[in-house]
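Single-structure report; data block below.
What's counted below: heavy atoms across the whole structure, side chains too, no hydrogens, waters or symmetry copies. These numbers were taken from a predicted model, which means no experiment stands behind them. The chain is numbered in sequence order, starting from 1.
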Amino acid sequence: MAAGTSNYWEDLRKQARQLENELDLKLVSFSKLCTSYSHSSARDGRRDSSDTTPLLNGSSQDRMFETMAIEIEQLLARLTGVNDKMAEYTNSAGVPSLNAALMHTLQRHRDILQDYTHEFHKTKANFVAIRERENLMGSVRKDIESYKSGSGVNNRRTELFLKEHDHLRNSDRLIEETISIAMATKENMTSQRGMLKSIQSKMNTLANHFPAVNSLIQRINLRKRRDSLILGGVIGVCTILLLLYAFH
């Protein structure tokens, strides 16, 4: 039984070492790919802007990057599984819990896995950062070239847009001034209406307090009406007499 468990442990250790060796080779190639990408980026940055050739031959290197990243992630997952099996073996009932050699070996493999994982994520992050920077720089170069090639048309369009923008701002300002004038007029009319209501209420109050004055005013108005009727009658009679005289 002990021989069987020992063979199982040795098989796990062989698998772990084999995976670690494969990961070491893959990570070296992965790091070289990132370094070559970075150097190619620096060389292209020192050239004159000639965008006729694809920057860094990006499509092939991107595909290579994606493929290697997937392979390394798969190897890391397999190595993690082997380490988990080794941990289960050290914790099983048939193995002494105080076996320092086994625990030391397991910890060493875990440290190696952690270092490889850290190195992979660091290299991947650097590669992605360089690629994003180069994509951004390539986009900026294209924008600059397109601006240079059509600078005359672009300047004309910019001037038209600026003029239209000024017209819109002037229209907005006139509308705001008109609204302000309308609001001020409304406030003045409201104030005047309040003043007229106040005067009317005061006049009604005075009329109620002085009924004699009110009756006197009514009499004056009646007399004025009577005088107007008398005057109108006299004028009418005179007009008729003049017409009779004129036709005789």
Next item on the list: Tell me whether Leu76 is reachable from Val28 by hopping between hydrophobic residues (I, L, V, M, F, W, Y) whose side-chain heavy atoms are closer than 4.5 Å.
Entry: no
Next item on the list: List the steps, then state whether salt bridge (Lys or Arg N to Asp or Glu O under 4.0 Å) holds for Arg17 with Glu22.
Entry: CA-CA 9 Å; Arg17 286 195 294 269; Glu22 292 181 13; over 6 Å; no
Notebook entry, point to check: Atom NZ in Lys32, atom CG in Leu27: separation rounded to 0.5 Å?
Noted result: 12.5 Å
Notebook entry, point to check: Can you tell me how far CG of Leu25 sits from CZ of Phe30, rounded to the nearest 0.5 angstrom?
Noted result: 15.0 Å
Notebook entry, point to check: Is it true that a side-chain atom of Thr123 and a backbone atom of Phe120 form a donor plus acceptor pair closer than 3.5 Å?
Noted result: no
Item checked: Leu243 CG to Cys238 SG distance, which is reported to the nearest 0.5 Å -> 11.0 Å
Note to self: Once rounded to the nearest 0.5 Å, what's the spacing between atom NZ of Lys124 and atom CE of Met68?
What the structure shows: 13.0 Å
Notebook entry, point to check: Quick check: are there more than 12 heavy atoms from other residues, nucleotides or ligands sitting under 6.0 Å from CZ of Arg13?
Noted result: yes
Notebook entry, point to check: When rounded to the nearest 0.5 angstrom, what distance separates CG in Leu106 from NE2 in His104?
Noted result: 11.0 Å
Checklist line | Pairwise side-chain contact, Arg110 with Met86, heavy-atom cut-off 4.5 Å (strictly under) | finding: no
Item checked: Joint hydrophobic cluster, Ile175 plus Met183, side-chain heavy atoms closer than 4.5 Å -> yes
Notebook entry, point to check: If we ignore angles and hydrogens, is there a donor and acceptor under 3.5 Å between the side chains of Asp11 and Gln15?
Noted result: no
Next item on the list: Indicate yes or no: at least one non-hydrogen side-chain atom of Arg219 is less than 4.5 angstrom from one of Lys224.
Entry: no
Notebook entry, point to check: Less than 4.5 Å apart, any side-chain heavy atom of Arg226 and any of Arg223?
Noted result: yes
Notebook entry, point to check: Going by heavy atoms in the side chains, are Gln114 and His118 under 4.5 Å from each other?
Noted result: no
Check: Given side chains that start at C-beta, do those of Arg193 and Met189 come closer than 4.5 Å, heavy atoms only?
Finding: no
Next item on the list: Could you tell me the separation between the CG atom of Leu174 and the CZ atom of Arg169, rounded to the nearest 0.5 Å?
Entry: 12.5 Å
Next item on the list: Say whether, by atom type as modelled, one donor and one acceptor occur between the side chain of Asn170 and the main chain of Asp166 under 3.5 angstrom.
Entry: yes
Notebook entry, point to check: Taking the inter-plane angle between the rings of Tyr8 and Tyr89 on a 0 to 90° scale, is it parallel (under 30°), tilted (30 to 60°) or perpendicular (over 60°)?
Noted result: tilted
Item checked: Check: Thr90 and Trp9 side chains under 4.5 Å, non-hydrogen atoms -> yes
Margin query: Treating Thr35 as the side-chain partner and Ser31 as the backbone partner, does any N or O pair qualify as donor plus acceptor under 3.5 Å?
Written below: yes
Notebook entry, point to check: Name the one of Ile112, Ile72, Thr117, Asp115 that satisfies side-chain contact (heavy atoms from CB on, under 4.5 Å) with Leu23?
Noted result: Ile72
